[in-house]
Amino acid sequence: MTRYVQPVPTPDDPYTGDRLLRSWLHRQLGADGHAAAQGRLSDLAADVAGPLRAAHADAEAHPPTLVRYDPWGARVDRVDTSAGWQAQRAAAARHAVVALPYLESARGTWGAAARVVQHALLHLYGPESATFTCPVAMADGAAALLSLPEVDAGVREAWLPRLTSTDPDTAIVSGQWMTESQGGSDLSRSTTTGRPAADGSWRLTGEKWFCSAADAPMAVALARPEGAGRGSRVLAPFLVPRYAADSPLAGTTAAAGAPAPGVTVHRLKDKLGTWAVPTAEIGLRDAYALPLGDPAVPGLVRAMTLVVVTRVHNAAAAAGGMRRGLTYARAYADARAVAGGRLADNPLHRGTLGALAVDAAGAFALAGHAFALLGRVEVGADPDAAAELRVVAPLAKLATGRLAVSSASEYVECFGGAGYVEDTGVPRLLRDAQVLPIWEGTTNVLALDVLRAVTREDAGAPLLRRLTAAVDLARPLSPALADTLAAVAGELTAALADITADPQAAGVVAGARGLALRLAAALTCALLVEHAAWGDEQAEVAARLWARRRLRHEDIAGDAHQHLDLLC
Ligand SMILES: Cc1cc2nc3c(=O)[nH]c(=O)nc-3n(C[C@H](O)[C@H](O)[C@H](O)COP(=O)(O)OP(=O)(O)OC[C@H]3O[C@@H](n4cnc5c(N)ncnc54)[C@H](O)[C@@H]3O)c2cc1C
């Protein structure tokens, strides 16, 4: 008897095989703009399907280690990473995954939509980057913060070109040191302090509890300036060089790669997932730091520039991971036989995949919209985009994070037992998805942020306007879809009016997560409708099925199985 060996599933090219991505780019960039991006996207897709897939596997198989002492007893706090991780780092620089929206040439070609192209790069790069998307996000957030006019020009000139370099030899990424053991969500509990030095630099002292990309040459740390008082608003962002080479406090004899004086890496976290990312606990004792803006001016609002960027990156990572999980699950279904036929022809399995494809399309549209808004805020300071982004950033982050976890669980199941076996590479889909609703703000914390935005800043208004406009766009496509959207718009209008009357009521606070998820689901439907109305057939099906699944809570498998080939 011959031993059966399962043919290896071969996923499509991540760029040419992703119809929704391509049509989205066509609409957002125009035919010429998309044509101008095609070379970059094809190059990256080819790298992803080739050397980067291997680098990803290597980085996952060889997690980072911390070397605390050199052979002679000197403290070195060196984080050793794999060749795969270094290859991902170099690729992120070469493909301008961080740099693109800052490049003059990109802004010249795509204007505000350079962020749309960056989202496409992240969508391709992220899912098999061994979570190098985490340092990428933080580097982009740091670059956005350094770009603020209130940041000292000398500091900007010294560090921004390194963050946005496309040369792997000079490009750096950044960490962000915010969370402390006593409070991650509740930053008012932060105890790290900053005191000014005579030369305009500062010294930071405190303990940071979760510091990802602990090998990065810099970090943005939050600290309480001496005498600033209590609360979180007064916390100020500082740039902390991680290595002696960038710290004027180090002697000229400091060894290459030596830690900056006062920066101690206590240990690396042993995490559920994101194994390749070095996440450390870091102590600061009078560590050299450069203020990002005037520390006397409450700084949390400046730090939010960074946080908005990392949150939309989180949404991109969630949506990208969902799409790649779908691609793999579909490839496996094409290659696997069950019940006398191909798994991919089985109506029950097709229904499962079809529903997942609808969720993936929704997550993509939501993340893509957030990037488009971010671009309009940065290039042109569009006030409407700023008002909408205020609520879309937390909504996109929280909704896609949850979708990514539920989808990843299904993708693992789609592979049967193989999905539970480490060296297939499938289990990490679930492990790594689980971080998405946690870091950069948990679901509840973001839901409270949305509640604040809609009750104090009238941030619900742009969403309701988008929903109302989508009802008219949906009418010629599907009267049932238009009716659903109209009903949801009415319910949300009433709900927002109700909660604004007493936003502190315990019932309102308890319902914040439900409200945020309903707002996100409605917005997603509107975005899919907009894309459908532009002429995209896949978005039309996805909008109809999304409305039934996520707004009317119906089982769509019976419909979704028929549309699977269009949806993925
Ligand atoms: C893999 C990984 C990497 C990370 N990397 C970094 C990093 O590089 N830099 C960094 O600064 N941080 C990092 N973090 C930390 C992360 O941002 C925090 O863990 C997160 O913000 C939650 O904070 P916490 O752990 O203190 O949990 P808590 O804030 O204690 O939350 C515990 C629970 O309470 C809930 N909760 C908290 N506040 C409220 C509220 N007001 N109302 C209702 N519910 C609430 C939360 O939703 C959660 O369910 C990382 C975390 C992980 C898992």
Side-chain angles (χ1 to χ4, degrees), residues 63-64 79 130-142 145 173-192 204 206-216 218-223 231-232 235 237-238 240 242 265-284 300 303-304 306-307 309-311 313-314 317-318 394 397-398 401-402 404-405 428 430-452 503-517:
V79 176
T131 324
F132 201 83
T133 41
C134 164
V136 158
M138 296 191 293
D140 192 354
L145 178 53
V173 287
S174 176
Q176 72 190 43
W177 301 345
M178 299 192 179
T179 303
E180 299 186 6
S181 161
Q182 67 279 8
S185 312
D186 186 359
L187 291 173
S188 68
R189 294 166 63 84
S190 299
T191 58
T192 298
L204 302 194
E207 293 293 328
K208 296 295 181 180
W209 182 236
F210 265 99
C211 306
S212 293
D215 52 343
M218 62 162 277
V220 174
L222 279 186
S232 58
L235 296 174
F238 292 87
V240 183
R242 159 82 168 81
V265 182
H266 298 312
R267 62 171 171 164
L268 296 184
K269 302 275 196 193
D270 182 6
K271 297 170 290 177
L272 169 68
T274 68
W275 287 351
V277 181
T279 302
E281 295 164 21
I282 290 184
L284 302 171
L300 194 62
M304 286 311 291
L306 175 156
V307 172
V309 170
T310 54
R311 284 180 178 168
H313 271 261
N314 203 87
K397 198 277 182 188
L398 78 86
R402 297 199 65 75
V405 175
R428 65 158 285 275
L430 185 53
R431 283 199 306 269
D432 290 352
Q434 186 61 66
V435 80
L436 295 166
I438 296 178
W439 63 18
E440 307 304 343
T442 61
T443 310
N444 281 0
V445 166
L446 292 168
L448 289 177
D449 189 38
V450 170
L451 187 61
R452 274 192 300 275
Q504 309 292 340
V508 171
V509 174
R513 172 194 280 240
L515 175 74
L517 289 169

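Whatever order the structure lists ligands and atoms in, that order sets their numbers, starting from 1.
- Contact annotation for Thr442 and ligand 1: only side-chain heavy atoms (C-beta onward) come within less than 4.0 Å of the ligand.
- At under 3.5 Å, not a single nitrogen or oxygen of Trp177, backbone or side chain, sits near a nitrogen or oxygen of ligand 1.
- Smallest separation of non-hydrogen atoms from Ala214 and Ile282: CB-CD1, 4.5 Å.
- At under 3.5 Å, not a single nitrogen or oxygen of Gly441, backbone or side chain, sits near a nitrogen or oxygen of ligand 1.
- How far CG of Asp215 is from CZ of Arg242: 7.5 Å, rounded to the nearest 0.5 Å.
- When each of Ser212, Pro237, Cys211 is paired with Trp177, the side chain to side chain contact (heavy atoms under 4.5 Å, CB included) condition holds for Cys211 and for no other.
- At least one side-chain heavy atom of Pro437 sits under 4.5 Å from a side-chain heavy atom of Val405.
- Between Glu440 and Arg311 no salt bridge is recorded (no basic side-chain N to carboxylate O distance below 4.0 Å).
- Interface of Cys211 with ligand 1, defined as ligand atoms under 4.0 Å from a residue heavy atom, comprises 8 (O).
- In terms of protein heavy-atom proximity, atom 36 (N) of ligand 1 is nearest to Val445 CG2, 4.2 Å.
- Inside a 4.0 Å radius of atom 28 (P) of ligand 1 there is at least one protein heavy atom.
- Counting heavy atoms under 4.0 Å from ligand 1, residue Val277 does not touch it at all.
- There is a protein heavy atom less than 4.0 angstrom from atom 2 (C) of ligand 1.
- When heavy-atom distances to ligand 1 are checked against a 4.0 Å cut-off, Lys271 comes that close only through its side chain, counted from C-beta outward.
- Within ligand 1, counting atoms from 1 as listed, the ones closer than 4.0 Å to a heavy atom of Leu448 are 40 (C), 41 (N), 42 (N).
- Atom numbering of ligand 1 starts at 1 in the shown order; those under 4.0 Å from a heavy atom of Ser185 are 22 (C), 23 (O), 26 (O), 28 (P), 29 (O), 31 (O), 37 (C), 38 (N).
- The shortest distance between side-chain heavy atoms of Leu222 and Leu300 falls below 4.5 Å.
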Practice problem: Please step through side chain to side chain contact (heavy atoms under 4.5 Å, CB included) for the pair Asp432 and Thr131, ending with a clear verdict. | Solution: CA-CA 8 Å; Asp432 290 352; Thr131 324; 3.9 Å; yes
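- Of all atoms in ligand 1, numbered sequentially from 1 with element shown, those under 4.0 Å from a heavy atom of Ser212 are 3 (C), 4 (C), 5 (N), 6 (C), 7 (C), 8 (O).
- In the vicinity of Gly184, heavy-atom distances shorter than 4.0 Å reach the ligand 1 atoms 23 (O), 24 (P), 26 (O).
- Protein heavy atoms come within 4.0 Å of atom 44 (N) of ligand 1.
- The pair Lys208-Glu281 does not count as a salt bridge, with every side-chain nitrogen at least 4.0 angstrom from each carboxylate oxygen.
- The protein heavy atom nearest to atom 10 (C) of ligand 1 is Phe210 O, 3.0 Å.
- Residue contacts with ligand 1, taken as heavy atom pairs separated by less than 4.0 Å, do not involve Ala213 at all.
- Taking any N or O of Met178, backbone or side chain, at least one lies under 3.5 Å from an N or O belonging to ligand 1.
- Geometrically, ligand 1 and Trp439 share no nitrogen or oxygen pair separated by less than 3.5 Å.
- Among all protein heavy atoms, the one lying closest to atom 11 (O) of ligand 1 is Thr179 N, 2.8 Å.
- The shortest N or O to N or O distance between Met138 and ligand 1 is not under 3.5 Å.
- In this structure the side chain of Trp439 reaches within 4.5 angstrom of the side chain of Asn314, judged on heavy atoms.
- With a 4.5 Å cut-off on side-chain heavy atoms, Glu180 and Thr191 count as touching.
- Within a 4.0 Å radius of atom 49 (O) of ligand 1, the protein contributes no non-hydrogen atoms.
- Heavy-atom contacts of Ile438 reach the following atoms of ligand 1: 20 (C) (cutoff under 4.0 Å).
- Taking the ring centre of Trp275 as origin, the terminal cationic atom of Arg428 falls outside the region bounded by 6.0 Å and 45° from the ring axis.
- A heavy-atom distance below 4.5 Å is found between the side chains of Arg402 and Arg513.
- Under a 4.0 Å heavy-atom criterion, Glu440 is in contact with ligand 1.
- For atom 32 (C) of ligand 1, the protein comes within 4.0 Å by no heavy atom at all.
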Exercise. Step by step, work out the side chain to side chain contact (heavy atoms under 4.5 Å, CB included) result for Leu306 and Gln176.
Key: CA-CA 9 Å; Leu306 175 156; Gln176 72 190 43; 3.1 Å; yes
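- Residues Leu398 and Asp449 fail the side-chain proximity criterion, which asks for heavy atoms closer than 4.5 Å.
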